[in-house]
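Data first, discussion second: the structure below is written as structure tokens.
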Amino acid sequence: MRKSFDKGIVTPQPVFIIATYDENGNADAMNAAWAGQVGPKEISLSLSAHRTTENIKKNKEFTVSFATKGFVAESDYVGIVSADKVADKMEKSGFTVTKSDKVNAPIINELPVAIECKVVSLTEEFNETRVVAEIVGMSADESVLTEDKVDLAKLQPIMFDSSALAYREIGDIVGGAWDAGKKLM
């Protein structure tokens with residue numbers, strides 16, 4: 001028997017760490033689960049009021065890194081602590097950064113995959129800032145690559161389970177895309 005609800009939540013969601021520079025060139029990062037890739041060249045974010053949101057509005061560039069199993073506490077920390085209240089948020093998180101060579105934004109060294117983005121559109125609705133950005137590049141540490149492709153088993157990205165308010169690991173491969181359904185043809 002199915003149960004009906006008044007609203008739905010898509011879960012699990014990727015845990016993205018959004019990194020920006022402020023007007024003084026200081027790195028900032030936040031945890032954003034309300035985000036996703038929309039097609040091969042764009043990413044979409046839904047952000048509430050944060051310093052990172054203001055930095056994106058000003059700079060129109062940012063990076064997105066995948067939070068990983070080895071950095072759950074650090075990734076959660078940058079989501080629960082405001083840079084407006086903790087001046088050395090990045091230092092306290094233990095994250096270090098290198099400037100992206102494609103956008104004016106930091107790459108978090110400890111997170112092995114970073115997507116480099118330029119804002120295409122910003123809209124304000126429902127007390128949220130909706131950001132659509134073009135993916136202009138990606139960098140990945142060789143430790144998470146297999147045959148020049150990101151290997152999720154090596155990366156160990158985590159997902160946000162909004163029902164349980166928890167982070168979960170991604171599991172095993174259960175079938176091939178554009179392949180598993182061929183047995184029904």
Side-chain angles (χ1 to χ4, degrees), residues 9-21 26-48 50-53 55-56 61-83 86 88-103 105-117 131 133 135-177:
I9 296 176
V10 176
T11 191
Q13 298 161 291
V15 180
F16 289 151
I17 307 302
I18 312 300
T20 61
Y21 287 124
N26 299 312
D28 183 39
M30 70 172 281
N31 178 320
W34 303 107
Q37 188 163 346
V38 288
K41 296 186 183 222
E42 290 185 334
I43 195 162
S44 178
L45 314 172
S46 181
L47 306 172
S48 56
H50 298 282
R51 179 175 291 180
T52 303
T53 307
N55 293 343
I56 290 172
E61 298 180 334
F62 58 94
T63 62
V64 176
S65 296
F66 292 88
T68 61
K69 182 178 176 181
F71 289 94
V72 173
E74 297 84 348
S75 297
D76 191 55
Y77 177 81
V78 298
I80 60 177
V81 173
S82 170
V86 178
D88 56 352
K89 175 180 169 179
M90 291 298 283
E91 183 179 327
K92 284 193 176 197
S93 74
F95 284 148
T96 60
V97 300
T98 302
K99 186 179 183 319
S100 164
D101 62 354
K102 294 190 173 71
V103 296
I107 290 176
I108 299 172
N109 298 320
E110 291 74 18
L111 301 177
V113 175
I115 300 169
E116 297 145 310
C117 304
V131 179
I135 298 169
V136 297
M138 181 180 88
S139 68
D141 189 277
E142 290 181 8
S143 68
V144 299
L145 299 178
T146 298
E147 298 176 8
D148 287 337
K149 293 180 183 164
V150 174
D151 183 331
L152 293 184
K154 292 179 179 179
L155 178 62
Q156 297 183 310
I158 58 173
M159 303 297 284
F160 174 57
D161 177 345
S162 57
S163 296
L165 297 180
Y167 299 113
R168 297 186 180 270
E169 338 178 27
I170 293 177
D172 296 328
I173 294 173
V174 296

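Any value given below was found using the heavy atoms of this structure, including those in side chains, with hydrogens, waters and symmetry copies removed.
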Practice task
Take V131 and I56 through the side-chain contact (heavy atoms from CB on, under 4.5 Å) test and state the conclusion after the steps.
Solution key: CA-CA 9 Å; V131 179; I56 290 172; 4.3 Å; yes

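- Counted within 6.0 Å of CG on D88, heavy atoms from surrounding residues, nucleotides or ligands total more than 12; the atom is thus considered enclosed.
- The salt bridge (Lys or Arg N to Asp or Glu O under 4.0 Å) check on E61 picks up K118, with sequence neighbours excluded.
- A search for ring pair (Phe, Tyr, Trp, His ring centres under 6.0 Å) contacts involving F66 returns F16, not counting sequence neighbours.
- Partners of S143 according to the side chain to side chain donor-acceptor pair (under 3.5 Å) rule, which considers only residues two or more places apart in sequence or in another chain, are D141.
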Practice task
Could you give me the CA-CA distance, side-chain angles and deciding distance for Q37 and I135, then say whether side-chain contact (heavy atoms from CB on, under 4.5 Å) is met?
Solution key: CA-CA 9 Å; Q37 188 163 346; I135 298 169; 3.9 Å; yes

Practice task
Just do the side-chain contact (heavy atoms from CB on, under 4.5 Å) check on V81 and K92 with the steps written out, would you?
Solution key: CA-CA 10 Å; V81 173; K92 284 193 176 197; over 6 Å; no

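- With sequence neighbours left out, the side chain to side chain donor-acceptor pair (under 3.5 Å) criterion links E116 to S100.
- In this structure, M90 and S93 approach most closely via the heavy-atom pair O-OG, 2.7 Å.
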Donor-acceptor contacts, no H, no angles, side chain residues 105-113, under 3.5 Å, sequence neighbours left out:
| residue | atom | partner | partner atom | Å |
| --- | --- | --- | --- | --- |
| N109 | OD1 | T98 | OG1 | 2.7 |
| N109 | ND2 | T96 | O | 3.4 |
| N109 | ND2 | T96 | OG1 | 3.0 |
| N109 | ND2 | T98 | OG1 | 3.4 |
| E110 | OE1 | T96 | N | 2.8 |
| E110 | OE1 | T96 | OG1 | 3.4 |
| E110 | OE2 | T96 | N | 3.4 |
| E110 | OE2 | T96 | OG1 | 2.7 |

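- Every residue was checked against the side chain to side chain donor-acceptor pair (under 3.5 Å) condition with S75, not counting sequence neighbours, and none meets it.
- Listed by chain and residue number, D28 satisfy the salt bridge (Lys or Arg N to Asp or Glu O under 4.0 Å) test with K89 (two or more places apart in sequence, or in another chain).
- Atoms CD1 and OG1, from I18 and T63 in turn, are 7.5 Å apart once rounded to the nearest 0.5 Å.
- Side-chain atoms of M30 and L47, non-hydrogen and from C-beta on, do get closer than 4.5 Å to each other.
- The two residues L152 and P157 come nearest to each other via the heavy atoms O-CD, 3.5 Å.
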Which pairs of donor and acceptor atoms, one on a side chain in residues 167-175, lie under 3.5 Å apart (sequence neighbours left out)?
| residue | atom | partner | partner atom | Å |
| --- | --- | --- | --- | --- |
| Y167 | OH | N31 | ND2 | 3.2 |
| Y167 | OH | D76 | OD1 | 2.6 |
| R168 | NE | D161 | OD2 | 2.6 |
| R168 | NH2 | D161 | OD2 | 3.1 |
| E169 | OE1 | K69 | NZ | 3.3 |

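- A pairwise comparison of heavy atoms in C117 and V103 identifies O-CG1, 3.6 Å as the closest pair.
- Shortest non-hydrogen contact noted between K154 and L145 is NZ-O, 2.9 Å.
- Take F95 and apply the ring pair (Phe, Tyr, Trp, His ring centres under 6.0 Å) test, not counting sequence neighbours, and it matches no residue.
- Partners of K41 according to the side chain to side chain contact (heavy atoms under 4.5 Å, CB included) rule, which considers only residues two or more places apart in sequence or in another chain, do not exist here.
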